[in-house]
*Asks:* 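Below you will find the structure I want to go over with you.
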There are 2 protein chains.
Amino acid sequence: MHQDWFTTLAQYGYRLTGSRKAVVEIISSSTQALTPIEIYERARKVNDEIGLVSVYRTLEKLEELKLIQRVHQPAGCQAFMVASREHQHLLLCSQCGEIRFFEGDDLGSLIHTIAKKTGFEINDHWLQLFGVCQKCKTGQEAGA
Amino acid sequence: MHQDWFTTLAQYGYRLTGSRKAVVEIISSSTQALTPIEIYERARKVNDEIGLVSVYRTLEKLEELKLIQRVHQPAGCQAFMVASREHQHLLLCSQCGEIRFFEGDDLGSLIHTIAKKTGFEINDHWLQLFGVCQKCKTGQEAGA
DNA sequence: CTCTTATTGAAAACTATTTTCAATTATAGG
DNA sequence: CCTATAATTGAAAATAGTTTTCAATAAGAG
Ligand SMILES: [Mn+2]
Ligand SMILES: [Mn+2]
Ligand SMILES: [Zn+2]
Ligand SMILES: [Zn+2]
């Protein structure tokens, strides 16, 4: 997966540097949403030269290219994760932070009804489900 | 409506001060989500002594009492609006910022399916619809 | 009216993010 | 390979948003 990201970055004329590679590898392989600081701390274990500022700059570019997306949670909205290619929704574990995509919502008729009732032209929606994952339910520790 | 809020605040032992009244009146009568700064600026027109810090402190208390809620939007997540008493969802106009509640989503069967498929125990959800309100569609300016 | 204690605004502190800048380095072209 | 050039870097400064500290004030119980 991160190979694809490198290709995309290169296509857009961005150079492949050590700092960028570290950030890309960390985010693209995480099953949790990560904040800039969390990414920075993980990246430093690989490359202790990296600056937090490069994490921010890389996140900015990855978001522009729609390779990552911001995740909104009750605890805060600074975390990022891999973006879904298609229209999908999130399922989040409130305990360990694991995040999964799911698809197949059938909001069509609801959206139609609300549009008719309110006069709004509805063109997007956010749906997120919150819960406790299987691992956390059974008491196991979750892998980071 | 803000009369009820004053009563609730008093019941919890909070005093009714000019600063609080201003914040309460502004939020409880707005059809848009407002940021702390926006509230502050509006409040100053009524009471030019008020400090931004009191806006923050009042928001904190109103949120604790569940009289207001934070609104998450693509442009940012610092805005607040009246909280719905019951389980409801938001419909937001991307153009003028108007926000409405709606109810009657039928996510039950979707949630059941996802729970079964993933092993998650799902206990909450967020649903927001984004679009353009009637006023904005027909080109009128929206009232603040 | 008085007393107590919550609340206030200003200022300082803190946190998160962005900008500035000179030094470095990826990469296109030779 | 080398070279030239423009993108990228990390440090430091700047900015923005929010919280804490503090002495002064004022709400409200009695
Ligand atoms: Mn959907
Ligand atoms: Mn619902
Ligand atoms: Zn979990
Ligand atoms: Zn509108």
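For clarity, every value in this text was computed on a predicted model and none was experimentally measured. Values below: all heavy atoms of this structure, side chains included; hydrogens, waters and symmetry mates excluded. Lettering follows sequence order; numbering is per chain, from 1.
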*Asks:* Check the distance between dA12(C)'s P and L52(B)'s CG and give it to me in whole angstrom.
*Replies:* 16 Å
*Asks:* Take the protein atom NZ of K61(A) and the nucleotide atom P of dT8(D), then report the distance between them rounded to whole Å.
*Replies:* 6 Å
*Asks:* In Å, rounded to the nearest 0.5 Å, how long is the span from CD1 of I39(B) to CZ of F80(B)?
*Replies:* 7.5 Å
*Asks:* When you measure from the side-chain N and O atoms of R15(A) to the phosphate of dA6(D), is any distance below 4.0 Å, counting only OP1 and OP2?
*Replies:* no
*Asks:* In whole angstrom, what separates D48(A)'s CG from dA11(D)'s P?
*Replies:* 10 Å
*Asks:* Would you say a side-chain N or O of Y56(A) is under 4.0 Å from OP1 or OP2 of dT18(C)?
*Replies:* no
*Asks:* For atom CD of E63(A), decide whether the heavy atoms of other residues, nucleotides or ligands shown that lie under 6.0 angstrom number more than 12.
*Replies:* yes
*Asks:* Expressed as a whole number of angstroms, how long is the span from I37(A):CD1 to dC14(C):P?
*Replies:* 16 Å
*Asks:* Below 6.0 angstrom between ring centroids: does that apply to W126(B) and H72(B)?
*Replies:* yes
*Asks:* Expressed in angstrom and rounded to an integer, what is the separation of E49(A) atom CD from dT25(C) atom P?
*Replies:* 9 Å
*Asks:* Pick the nucleotide of DNA chain D nearest each of V53(A) and R57(B); which residue has the one closer to the 5' end?
*Replies:* V53(A)
*Asks:* Roughly how many Å is it from CD in Q78(A) to P in dT15(C), rounded to a whole number?
*Replies:* 14 Å
*Asks:* Any idea which heavy atoms bring F101(B) and V82(B) closest together, and the distance?
*Replies:* CZ-O, 3.4 Å
*Asks:* Expressed in angstrom and rounded to an integer, what is the separation of L59(A) atom CG from dT18(C) atom P?
*Replies:* 10 Å
*Asks:* On DNA chain D, nearest-nucleotide positions of P36(B) versus N47(A): which is more 5'?
*Replies:* N47(A)
*Asks:* Quickly work out the Y40(B) OH to dT18(D) P distance and round it to whole Å.
*Replies:* 14 Å
*Asks:* Under 4.0 Å between a side-chain N/O of T17(B) and OP1 or OP2 of dA6(C), yes or no?
*Replies:* no
